[in-house]
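To keep things clear, I will list the structure first and then write my remarks on it.
Below, read A as the first sequence line, B as the second, and so on, with proteins coming before strands; counting in each chain starts at 1.
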Amino acid sequence: MRVVVDTRPLWVILLSVAYRPAAFIGLGAIFWYIIHLTPPAGLTEAGLKTIGVFVVCLFLWVTGLIPLSITSLLAMVMIPLLGIMESKKVYSLFGNEAVFFILGAFILAAAMMKSGLSSRMALLVLRRCGGTPTKLLLGVYLFPAFLSFWMSEHAVAAMMFPIVLEIAKALGLKPMQSGYAKSLFLASAWGCIIGGVATFLGGARNPLAIGILKESTGSDIDFFEWMVAVVPVVLILLAIGFVVILKWFPRDIVDTGKAAEVLDKKNEHLGAFSLNEKMIGGIMVLAIVFWILEGKRLGLANIAIIAVTLLFVFRLIRWKDVEEYVNWGILLMYGGAIALGAALASTGAAEWAANATIGRWATSPMALVLLFSALSILLTEAMSNAAIIAILMPVGISLSAKMGMDPKIITMAIAMPSGLAYCLPISTPATAIAYSSGFFRMKDLVVPGVIMGVVSWVVFNLMIRIYWPLIGHAV
Amino acid sequence: MSTEKQRKTIMLVLSTTRQSPVTVDEAIVTAKKDEAELVVLFVNDSKIPSMVFDRMADYDFIGDKPSEELTTAIQREYCLRGNALLDEIEKKAKAEGVSCKTIIEGGEFVETCLKMVERYRVDLVIMNRMKRSAISRFFLGSAVDKLTANAPCPVKVVEEA
């Protein structure tokens, strides 16, 4: 067996080996110290312990030393063990409506992917977008954006990747050299990212935010209400995003005929539009209609689970496919995050933390919105957006209550920007997938990404100021 | 049968992230000058997509199956590119009258290189050193330094411009 000698300095090697145990020991020590402090003014003993749990989760979510879902489970266990809340109550929060809505949405998306319906739709739409490089680019940008309104943006990005790759190869575009290739992959990624914030279906972060809102305040945002507030922002961002891509990357081809040929071939390969696909599409459309029109009355989770049941009644999907296509860990993460949020709210720890930290700078409701949306859009470049929701929501809701603000506003101000990560491959799966194509370098991503991040923040806050008062969400 | 090597063997090392044309030219020129056989190794570095997707699997990414399918698609693409690059180099080498053999292997970069150096009884390895920050090199190590320290033959490093 070969032994490969590590040539780094010894202390660097020791650090790379020892950092994990050191981090856990250090974290344990910090936790122990916090919970044994004398509670400061305005904070109960239960609140102090909850802050300790929150600090542990914050550290683990940010560093990713253990999977996000395990951190959340840890929170669920620590809360009753520390006497913060009864086990029964904590575990009942796991069965939150948001968790079951996410589960249903994941399974519906799994059915779309497994049946090939989403790929077929992509191929059909893109085939019609040929003709000129700009039209094709627009198709590669807008179709994933539209699909991300209705299913997980990450699933859409994964589905689009082989199609965009085939297009790039058919057009003879050179990796790292072709501006048009770079624009194709980035357009696909940005379409998913921007489209994914439009509804509750594009990313599980939005239902998580609603779940925390409901548990903390009893308030709710329904499917249609979210769309009315966010879709106009999304449309503006899509328009600006396209202009940025067009201006940033030169179009170095003229004819996209070969792309049309490859799309036709892939479409032929899929075969005829099956009854399976039609029925899955039909159930998906019905679910969306019911979510929009009857979501408040019937409950989002109830509609989702009924739609899922229909998939099995008509044998449109097997349980094995569901197991393989759904990321189960994220359900654990969300259950735990909601439980932690509830503990922070009920013990007053969120209010205390809000006043002790961000509260000093948030001197008005609009300042609060500006601050939290900025934090959300910055942090999401380096962290899971679910972790951002879990961290910022309790503090944001508490501060908004102090200012007499509608908590729905701060919820949307945190949740929506948390999905807009453009700059780094680690920021979001859509970008990671595009980057792994090998068609562009980091610098091709970072600079337009920063531009888009800043523009997104500005547009979002302008819309809050100008448009949201018209729909009953005045700040 | 004689087990003595008749000819010097030079190995040019390339990978998914190391494809410097300057290094390719240097390897061909050196092989021609030394009348050596040129073995071109392309390492399809498995660390790259798994690094990205292992992290993504922890977020609200999709399930195992689509993640696996995506990783496979990306690895396949890297392999295709590797093969295309090797064909190009082989043609170039043959045009210069250099005997050339090409290999594509998947796996961890340094381990794979050392394995191939041993298998082909390489006399000289030629590779490029990528431009990186000193901090990154200090903390994450350098594949070039690792290979140089562990290879049983000299390693010629071509600095990236």
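- Listed in order of number, the residues of residues 81-89 of chain B that approach chain A to under 4.5 Å between heavy atoms are Arg81(B).
- Of the two parts of Leu331(A), neither the backbone nor the side chain holds a non-hydrogen atom closer than 4.5 Å to a non-hydrogen atom of chain B.
- The side-chain contact (heavy atoms from CB on, under 4.5 Å) search around Ala415(A) returns Asn206(A), Ala209(A), Trp226(A), Ile389(A), not counting sequence neighbours.
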Problem set entry | Worked verdict on Val125(B) versus Cys153(B) for side chain to side chain contact (heavy atoms under 4.5 Å, CB included) | CA-CA 7 Å; Val125(B) 171; Cys153(B) 64; 3.8 Å; yes

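- In terms of modelled atom types and a separation under 3.5 Å, the side chain of Arg18(B) and the main chain of Val13(B) share no donor-acceptor contact.
- Between Glu324(A) and Lys114(A), none of the side-chain N atoms (NZ, or NE/NH1/NH2) sits under 4.0 Å from a carboxylate O, so this pair counts as no salt bridge.
- In this structure, Trp328(A) and Trp319(A) have tilted ring planes: the angle between them lies in the 30° to 60° band.
- Closest of all the heavy-atom pairs between Ser178(A) and Ala181(A) is OG-N, 3.0 Å.
- Heavy atoms of Leu147(B) lying under 4.5 Å from chain A are absent altogether.
- With values rounded to the nearest 0.5 angstrom, Leu38(B) atom CG is found 13.0 Å from Lys32(B) atom NZ.
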